[in-house]
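Order of listing sets the numbers, starting from 1, for every ligand and every atom in it.
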Amino acid sequence: MHVDDIRTDLNEDGPPNAPGQIARAVVLLRSGGVVAFPTETVYGLGADATNDDALRRIFSIKGRPADHPLIVHLAASVQIRDWARDIPSAAYALAERFWPGPLTLILRRRAWVSALVTGGQETIGLRVPAHPVALELLSAFGGGVAAPSANRFGRVSPTSAEHVRQELGDGPDMILEGGACSVGIESTIVSLIDGDPVILRPGGISPVALEQVTGRKVARPGIPQTVRVPGTMASHYAPAAPLRLVGAANLPDIAARLAAKGKRAAIMALSGYRSTTGQTVAMPPEPAAYGYDLYAVIRMLDSGQHDAILVETPPQTEAWLAVNDRLQRASGS
Ligand code: TXA
Ligand code: MG
């Protein structure tokens, strides 16, 4: 099966938002409501970042521990001064180059920012997303919208409004429609707190691109961090069926062994390998296209009909950093 067929099956490009939906979403946000909305990375579960009662509802709808900080979404980069202080020049350079876009900057917070947003830390995560619906919502609202990914805690992030409905049912007061997310995995998170920039979570924006813009060495993930990033622990983004990373050479053997035990294994393949016993999805050979499909494919393969998901290990190169990061977390390793 090819991924394009899966996307068609899922019918992810839902109807456009009816006229007046953005205005309704703004009224809800202003009155402490929780609104799920599309971004170019994944769907977010948003609330007014200055309203503690609304923020508490995000944590309760997601089932997320209260010490996990939330990214504040803004309409324009000039607003970062409202939320952060001691902003280094590298932050402005990165904002100028990559916003709106899939980049979250970790900066020193202003004193008044709610501990529910910061997870009780001295820092704040800020991002201007590139999705037209998100930008329309943020401009009309005017303030910061705190939003984690719109999935239940520890589950795969939603990349369509339908996924949000599957994850959260009628938990949010409203779900804005925005089709399938064009990036498909969460933003690159960069800390600009001490010294050189540090990547806390890899994403669509590469370490090399960050180095070119800042003119500084950028630390890759995997190095012990002084900044705590709850939610980046192993075994985040986990499907219910066990997901295993397997080298191409071992795929036939492991698939055969599972089949002999009567286990139904689905395969996410990169090489020409096709399972003779279970479903095989031919994943795109290029990292951005792979990332675009990743969560939708995991979600489809994890809908109950498989006992395991075998993923052919992608190349271990920097271009595949974000995809490999998400696959490792999904496999709990
Ligand atoms: O692409 C994205 O970033 C999506 C969309 C909705 O914008 N959001 C997202 O949010 O992935 P969430 O909450 O699922 O993941 C945000 C990550 C968490 O691991 C959180 O711990 C980290 O960002 N984070 C947020 N603020 C932080 C801060 N002040 N310091 C360190 N880590 C922070
Ligand atoms: Mg998340």
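- Near I189, with a cut-off below 4.0 Å to any heavy atom, the atoms of ligand 1 are 17 (C), 22 (C), 23 (O).
- Checked for salt-bridge contact, D307 and K261 miss the test: no charged N lies under 4.0 Å from a carboxylate O.
- Taking a cut-off of under 4.0 Å to the non-hydrogen atoms of H73, the atoms of ligand 1 that pass are 5 (C), 6 (C), 7 (O).
- Contact annotation for R64 and ligand 1: only side-chain heavy atoms (C-beta onward) come within less than 4.0 Å of the ligand.
- Atoms of ligand 1 found under 4.0 Å from any heavy atom of S187, numbered from 1 in the order shown, are 1 (O), 2 (C), 3 (O).
- Residue-level proximity to ligand 1 for I124 is carried by the backbone, the only part with a heavy atom below 4.0 angstrom.
- Side chain to side chain, R201 and T104 fail the donor-acceptor criterion of an N or O pair below 3.5 Å.
- Counting heavy atoms closer than 4.0 Å to ligand 1, residue R127 contributes side-chain atoms (C-beta onward) but none from N, CA, C or O.
- Judged purely by distance below 3.5 Å, without hydrogens or angles, the side chains of T159 and R299 never pair a donor atom with an acceptor atom.
- When ring centroids are compared, F153 and H68 come within the 6.0 Å threshold.
- Using modelled atom types, no side-chain atom of R264 and backbone atom of G262 make a donor-acceptor pair closer than 3.5 Å.
- Heavy atoms from both the backbone and the side chain of T123 come within less than 4.0 Å of ligand 1.
- Atom numbering of ligand 1 starts at 1 in the shown order; those under 4.0 Å from a heavy atom of P148 are 10 (O), 12 (P), 13 (O).
- Here Q121 has side-chain heavy atoms under 4.0 Å from ligand 1, and that is the only part of it that gets that close.
- Residue side and main chain included, S149 places an N/O/S atom under 2.8 Å of the Mg ion (ligand 2).
- Using a cutoff of 4.0 Å between basic side-chain nitrogens and carboxylate oxygens, E211 and K217 are scored as salt-bridged.
- The aromatic rings of W83 and W112 lie tilted to each other, with the angle between the two planes from 30° to 60°.
- Interface of T41 with ligand 1, defined as ligand atoms under 4.0 Å from a residue heavy atom, comprises 1 (O), 2 (C), 4 (C), 5 (C).
- Environment of CG in D170: sparse, with no more than 12 heavy atoms of neighbouring residues, nucleotides or ligands closer than 6.0 Å.
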